[in-house]
Amino acid sequence: MLSACRQSVIVNFKRMIHQGSCVSGIIKDPHIEDFKVQNEPVLGYLPGSNERKELEKALKEVSSKTEDVPIIIGGQEYRTKDVRYQVMPHDHQKKIAQFYYATPDLVKKAIEVATETQKKWDSVPLEEKIKIWMKAADMMANKYRWKLNATTMLGQAKTIVQAEIDAAAELIDFIRLNAFFAKELTKYQPISEDPKITKNSMRYRGLEGFVAAVSPFNFTAIGGNLAYTPALMGSTTLWKPSDTALLSNYVIYQVMTEAGVPPGVVNFVPADGPVFGDNITASPHLAGINFTGSVPTFNRLWTQVGKNINSYKNFPRLIGECGGKNFHLVHSSADVTSVVNGTIRSAFEFCGQKCSACSRMYVPQSLWPKIKSGLLETRDKLKVSDVMEFDSFMSAVIDAKAFDRISGYIDHAKKSSNLEIIGGGQYDNSKGYFIQPTIVETKDPKDKIMTEEIFGPLLTIYAYPDNKVDEIISLVNTSTPYALTGAIFAQDQKWLHETTEKLKHAAGNFYINDKSTGSVVGQQPFGGARMSGTNDKAGGPHYVLRWASPQSIKETFVPLTEWKYPYMG
Ligand code: NAD
């Protein structure tokens, strides 16, 4: 006998399938066809403001308990014996969530449910899906904004502004703008020379099988995008959130469910990384992996897909947005104030744990004394503390593993004769995983500190002789395996133009007289090539297409009366 929950799911699917147009793929509802979108405003949280009061309330509530977060497959909750906790990085004795690792059998069950659900979900017209997404975006912008921000601040140690641009603005933009991009896609219809005789059309299907969405800790919004963009396009997903972004990601799941995403479309499956990876890549139903995280993890997943390639029903689509070693390259004509402020923000906001954070900088010797004193004076003013202290510029790094890795690079700087720590260098994990914003000057632009991804508040600068700028451009381009973000600073227009061309492949997101971080959905679609990923440009119109399988339909209205061709006569 069907449970009440499953019955209502089937009723839900039927209701949605019967609304709107599903065969043509063309959107008929004028409200959906015509809607326009804007980026979600970033709120200011000034003392006394309503948003600040609401956020303070949410922070109090989230920090006062340890929330229980189940595994959710097909709308059913599961709890296993493998209990884990998410702690506050800035106060690691405080647990904000208790969750459970899925067993291999549960991962397999989720695959089964997602694969079955995909057939029904695919029949729900795109316009019905868009309505759910628009409703969810509004709920995130209002009722749930505070909880999304509070769980991101406390769980991932983001300051107010960093949480707001991520868990509110960027997440809402992903949900709203992807719905907009999907709707715009349907406007392209192939040529029909005489529609009375033959009509050609194109519609978008989900990927048959299931998609695995594997998300990182550092952006709440990325989790929502990875799991729900394939779903928007008709696919179903297994979402494996990061252990250290668990609670904020669970809130996204809850909001999307409340907005109307039926059970089984997105399955929330916290798990040990390799257990999850091994099981999804072993399934013949794997239709795609939507991954954001480090290069070694993506390499492992890609290798496993390669090994199993003969067993799949489809060629799985692999999207991986990975690491970076992002640069600021300064020319002797640059505006020093912009360089200093842009670099401080890019290198140290959210402790340099943005994939786009500036980690290596090249400065002409003529400007180095001014830039150096600007950086050091500003660095001294940065407050590193609890996110609940609203004047903090940054807080703790995410976990013990990150703390050890980053402090290892600081120790390397302390020991190396080529490197000098000119600001910061202290770290302390007794209460939280705190690392002071650290600035290093190097004599060797190829030291590992200048070429490996560190993912922490550590900036290294090489001061180059002004007349060697061309060699430096070539070094910037070739000394790391990455090509995610990069910025050049100059007032000399000719140099800017030429350098933009020389560095064409050095970054997927390239900035001129602006810092290397801060891309906005719909404004700077994001992603890099080389070892930084498959460059599918999340936050842009091309991305949604990656999660759809288009179908061309030719429909003929007149009978075919002849098999011979005229020339044969
Ligand atoms: P990570 O690779 O450690 O983890 C990413 C996700 O993969 C997590 O959910 C993790 O549990 C999971 N995982 C680990 N091993 C797995 C396996 N064998 N199979 C399946 N899943 C597995 O990365 P992280 O520390 O969470 O994130 C930081 C990295 O992400 C940095 O390298 C950063 O540059 C990158 N990043 C890139 C972008 C981008 O758009 N290019 C955006 C954000 C973060």
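Counting convention: from 1, in listed order, for ligands and their atoms alike. What you see is a predicted model; the values in this text were computed from it and never measured.
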Below 4.0 Å from any atom of ligand 1, is there a heavy atom belonging to Pro274? yes
For atom 34 (O) of ligand 1, the closest protein heavy atom turns out to be Glu453 OE2, 2.7 Å
Taking non-hydrogen atoms only, is Thr297 closer than 4.0 angstrom to ligand 1 via side chain, backbone, both or neither? side chain
Quick one: does atom 9 (O) of ligand 1 have a protein heavy atom under 4.0 Å from it? yes
Quick check on Cys322 - does any of its heavy atoms sit under 4.0 Å from an atom of ligand 1? yes
Any non-hydrogen atom of Phe298 lying under 4.0 Å from ligand 1? no
Is a side-chain N or O of Ser235 found less than 3.5 angstrom from the main chain of Ala231, in a donor-acceptor match? no
Of all residues at least two apart in sequence or in a different chain, which pass the side-chain contact (heavy atoms from CB on, under 4.5 Å) check with Phe315? Ile309
The answer for which part of Arg300 has a heavy atom under 4.0 Å from ligand 1 is side chain
Has Lys158 got its NZ or CZ under 6.0 Å from the middle of the six-membered ring of Phe219, at an angle within 45 degrees of the ring axis? yes
Can a non-hydrogen atom of Phe219 be found less than 4.0 Å from any atom of ligand 1? no
Backbone of Leu226 reached by a side-chain donor or acceptor of Asn290 within 3.5 Å: yes
